[in-house]
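Predicted model only: the values in this text are computed from it and were never measured. What you see below is based on every heavy atom in this structure, not just the backbone, and it leaves out hydrogens, waters and symmetry mates.
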Amino acid sequence: MTEPVKGPASYFPSIEKKYGRPIEEWVELIRSSPLTRHMQLVTWLKTEHGLGHGHANALVAHTLAGGE
(Lines give C-alpha, C1' and ligand atoms only; values in the text may rest on other atoms or scores of the structure.)
Protein backbone atom coordinates (compact mmCIF):
# COMPACT_ATOMS: atom_id res chain seq x y z
CA MET A 1 0.00 0.00 0.00
CA THR A 2 1.38 3.42 -0.92
CA GLU A 3 1.68 6.27 1.54
CA PRO A 4 -0.60 9.24 0.88
CA VAL A 5 1.24 12.30 -0.42
CA LYS A 6 1.82 14.84 2.31
CA GLY A 7 3.02 18.42 2.47
CA PRO A 8 3.09 20.82 -0.47
CA ALA A 9 3.01 17.98 -3.02
CA SER A 10 -0.46 17.02 -1.84
CA TYR A 11 -1.73 20.12 -3.68
CA PHE A 12 -0.11 19.22 -7.01
CA PRO A 13 -2.93 17.23 -8.66
CA SER A 14 -5.44 20.01 -8.01
CA ILE A 15 -2.96 22.70 -9.15
CA GLU A 16 -2.39 20.92 -12.45
CA LYS A 17 -6.11 20.36 -12.95
CA LYS A 18 -7.20 23.89 -12.04
CA TYR A 19 -4.49 25.89 -13.83
CA GLY A 20 -3.70 23.54 -16.73
CA ARG A 21 0.07 23.54 -16.33
CA PRO A 22 2.32 20.74 -15.09
CA ILE A 23 4.14 21.31 -11.81
CA GLU A 24 7.48 21.34 -13.63
CA GLU A 25 6.40 24.49 -15.50
CA TRP A 26 5.42 26.23 -12.29
CA VAL A 27 8.74 25.28 -10.67
CA GLU A 28 10.68 26.63 -13.67
CA LEU A 29 8.63 29.83 -13.63
CA ILE A 30 9.41 30.34 -9.94
CA ARG A 31 13.11 29.58 -10.42
CA SER A 32 13.35 32.04 -13.33
CA SER A 33 11.73 34.84 -11.35
CA PRO A 34 14.03 37.60 -10.07
CA LEU A 35 12.18 37.36 -6.75
CA THR A 36 13.77 35.22 -4.04
CA ARG A 37 11.71 35.57 -0.86
CA HIS A 38 8.89 33.16 -0.13
CA MET A 39 6.07 35.65 0.33
CA GLN A 40 7.22 37.80 -2.60
CA LEU A 41 6.94 34.75 -4.83
CA VAL A 42 3.56 33.76 -3.37
CA THR A 43 2.18 37.26 -3.95
CA TRP A 44 3.60 37.28 -7.49
CA LEU A 45 1.97 33.95 -8.37
CA LYS A 46 -1.34 35.19 -6.97
CA THR A 47 -1.35 38.56 -8.73
CA GLU A 48 0.36 37.72 -12.02
CA HIS A 49 -0.85 34.16 -12.55
CA GLY A 50 -4.15 34.01 -10.66
CA LEU A 51 -3.24 31.23 -8.23
CA GLY A 52 -4.96 30.89 -4.90
CA HIS A 53 -2.90 31.44 -1.76
CA GLY A 54 -2.64 27.76 -0.77
CA HIS A 55 -1.61 26.66 -4.25
CA ALA A 56 0.96 29.45 -4.61
CA ASN A 57 2.33 28.75 -1.15
CA ALA A 58 2.67 25.02 -1.86
CA LEU A 59 4.52 25.62 -5.13
CA VAL A 60 6.91 28.13 -3.60
CA ALA A 61 7.61 25.99 -0.53
CA HIS A 62 8.31 22.97 -2.72
CA THR A 63 10.54 24.92 -5.10
CA LEU A 64 12.54 26.72 -2.43
CA ALA A 65 13.08 23.42 -0.61
CA GLY A 66 14.80 22.12 -3.74
CA GLY A 67 11.94 20.08 -5.16
CA GLU A 68 11.75 18.96 -8.81
Side-chain angles (χ1 to χ4, degrees):
M1 185 176 227
T2 60
E3 287 280 320
V5 177
K6 296 181 182 177
S10 66
Y11 285 90
F12 291 176
S14 62
I15 292 170
E16 290 180 330
K17 182 178 180 182
K18 183 168 185 171
Y19 304 105
R21 285 180 144 170
I23 297 305
E24 297 80 20
E25 282 187 29
W26 290 112
V27 169
E28 184 56 36
L29 193 64
I30 293 166
R31 286 185 177 153
S32 67
S33 169
L35 303 172
T36 57
R37 299 190 62 183
H38 183 96
M39 287 310 297
Q40 289 176 328
L41 288 161
V42 169
T43 300
W44 174 68
L45 287 172
K46 290 168 58 176
T47 58
E48 296 297 319
H49 298 282
L51 272 73
H53 182 81
H55 288 161
N57 190 55
L59 286 167
V60 172
H62 176 75
T63 303
L64 294 182
E68 301 279 321

Working to the nearest 0.5 Å, report the span between CG of Leu51 and CG of Leu59. 6.0 Å
Only pairs at least two apart or in different chains count here, so list each side chain to side chain donor-acceptor pair (under 3.5 Å) that has a residue in residues 32-43. His38-Asn57
Test His62 against Phe12 for side-chain contact (heavy atoms from CB on, under 4.5 Å), laying out the working first. CA-CA 10 Å; His62 176 75; Phe12 291 176; 3.5 Å; yes
How close do Ala58 and Pro8 get, heavy atom to heavy atom, and via which atoms? O-CB, 3.4 Å
In the structure I gave you, are the side-chain heavy atoms of Leu45 and Trp26 within less than 4.5 Å of one another anywhere? yes
CG of Leu41 to CG of Leu64: how many Å apart, nearest 0.5 Å? 6.0 Å
Between atom CD of Glu16 and atom CD of Glu24, what is the distance when rounded to the nearest 0.5 Å? 6.5 Å
Can you pull the side chain to side chain donor-acceptor pair (under 3.5 Å) pairs that have at least one residue in residues 44-56, sequence neighbours excluded? Ser14-His55, Tyr19-His55, Lys46-His53
